[in-house]
2 protein chains.
Amino acid sequence: MDIQLKRGLLDVCVLAAIKSADSYGYKIIKDLKPYVELSESTLYTILKRLETARMLTVRTAEHCGRLRKYYHITAAGVRRIEEFKEEWKEMKAIASFIAKEDSDE
Amino acid sequence: MDIQLKRGLLDVCVLAAIKSADSYGYKIIKDLKPYVELSESTLYTILKRLETARMLTVRTAEHCGRLRKYYHITAAGVRRIEEFKEEWKEMKAIASFIAKEDSDE
DNA sequence: CGATATACATCGTATCACGAAGTATAGATT
DNA sequence: AATCTATACTTCGTGATACGATGTATATCG
């Protein structure tokens, strides 16, 4: 899949992945795998960015001797998802414009 | 609308805008305006990129004393649109994942 | 004991959208 | 005649971003 195309989805995907239950980096990657592939470096960049934007909070916890950083969505993060849903309507309009132009020869 | 979100659409939008009939910069911007706003600097960057990728060809013509560069889509450009339609299916799957995660509280 | 999975971090690079600023002409308004 | 607006294309610099490469460290399994 084209990198440019999925760009705008990634942040919201990560937010969606932690929305119902707090999660951590490695798990987020595995959970999202069926929908979008994203590398570790990409994910940690995103998590850092979302944290700076206060769309999530972090809590470090030990799990079987290994450290884990659990991410928790904030109200701002939830709002971001809602905002995305609105933007998605515009996206659909654009996509149908493309399909329309393509159909009439 | 979020810049990142529309990124992947822009190239294909421009291709769609010239598909049924050759067009030129200024007209493309006006034609796309109802769907996506894009500045001149953005458009000309895109046109240059698509030309380099051989997805369109350029022809300069005079129109009432002013120069116009008419853009014509190539077979590769048409294929790019087809490819987009496939990618769009994946995009829809991702968007419904986001909506799903968001709905079950 | 070595391979694999888990878990996180950092650096550098390439791609890209866009604002700003510039050049130039035609037609309308004052 | 002068000014404004629309048309039309160009270039430069910047900030945002995805990602490969590389590194650290531990647990588990064969």
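It should be emphasised that the depicted structure is a prediction, and the values quoted were computed from it without experimental measurement. Letters A, B, ... are given to chains in the order of the sequence lines, protein chains preceding strands, and every chain is numbered from 1.
- Between Y70(B) atom OH and dC9(D) atom C1' there is a gap of 14 Å when expressed in whole angstrom units.
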Donor-acceptor pairs are to be reported for all side-chain atoms of residues 33-41 of chain A against protein atoms at under 3.5 Å, with residues two or more places apart or in another chain.
from: Y35(A); atom 1: OH; to: K100(B); atom 2: NZ; distance (Å): 3.4
from: S39(A); atom 1: OG; to: S41(A); atom 2: OG; distance (Å): 3.2
from: S39(A); atom 1: OG; to: T42(A); atom 2: N; distance (Å): 3.3
from: S39(A); atom 1: OG; to: T42(A); atom 2: OG1; distance (Å): 2.9

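- With hydrogens and angles disregarded, no donor-acceptor distance shorter than 3.5 Å links the side chain of S23(B) to the backbone of I18(B).
- The nearest whole Å value for the distance from the CD atom in E62(B) to the P atom in dT7(D) is 18 Å.
- We find that E82(A) and R79(A) are not joined by a salt bridge, their nearest charged nitrogen and carboxylate oxygen being 4.0 Å or further apart.
- Applying the ring-ring contact (aromatic ring centres under 6.0 Å, His included) test to every pair with at least one member in residues 48-83 of chain A, sequence neighbours left out, gives these pairs: Y24(A)-Y70(A).
- In this structure, CZ of R68(A) is placed 14 Å from P of dA9(C), rounded to the nearest angstrom.
- Look at R80(A) and E87(A) and you find a salt bridge, because one of the NZ, NE, NH1 or NH2 atoms lies within 4.0 Å of a carboxylate O, short of that distance.
- Residue K48(A) places none of its side-chain N or O atoms closer than 4.0 Å to OP1 or OP2 of dA9(C).
- The shortest heavy-atom contact between I73(A) and K19(A) is CD1-CG, 3.9 Å.
- The shortest distance between the side-chain N/O atoms of Y44(B) and the OP1/OP2 oxygens of dT10(D) is not below 4.0 Å.
- For the pair L43(B) CG and dT7(D) P, the computed distance is 15 Å after rounding to whole Å.
- The closest side-chain heavy-atom distance from L47(B) to L43(B) is below 4.5 Å.
- Between L50(A) atom CG and dA16(D) atom C1' the separation is 14 Å, expressed in whole Å.
- Residues satisfying the salt bridge (Lys or Arg N to Asp or Glu O under 4.0 Å) test with R66(A), not counting sequence neighbours, are none.
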- Nucleic acid footprint by protein, nucleotides 17-30 of chain D - heavy-atom cut-off 4.0 Å, B for base, S for sugar-phosphate alone: BSBBB----BS---
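- When the C1' atom of dT7(D) is taken as reference, atom CG of L67(B) falls 12 Å away, rounded to whole Å.
- Near DNA chain D, defined here as any heavy-atom distance below 4.0 Å, there are no residues from residues 23-32 of chain A.
- Applying the salt bridge (Lys or Arg N to Asp or Glu O under 4.0 Å) criterion to R49(A), with sequence neighbours excluded, gives D11(A).
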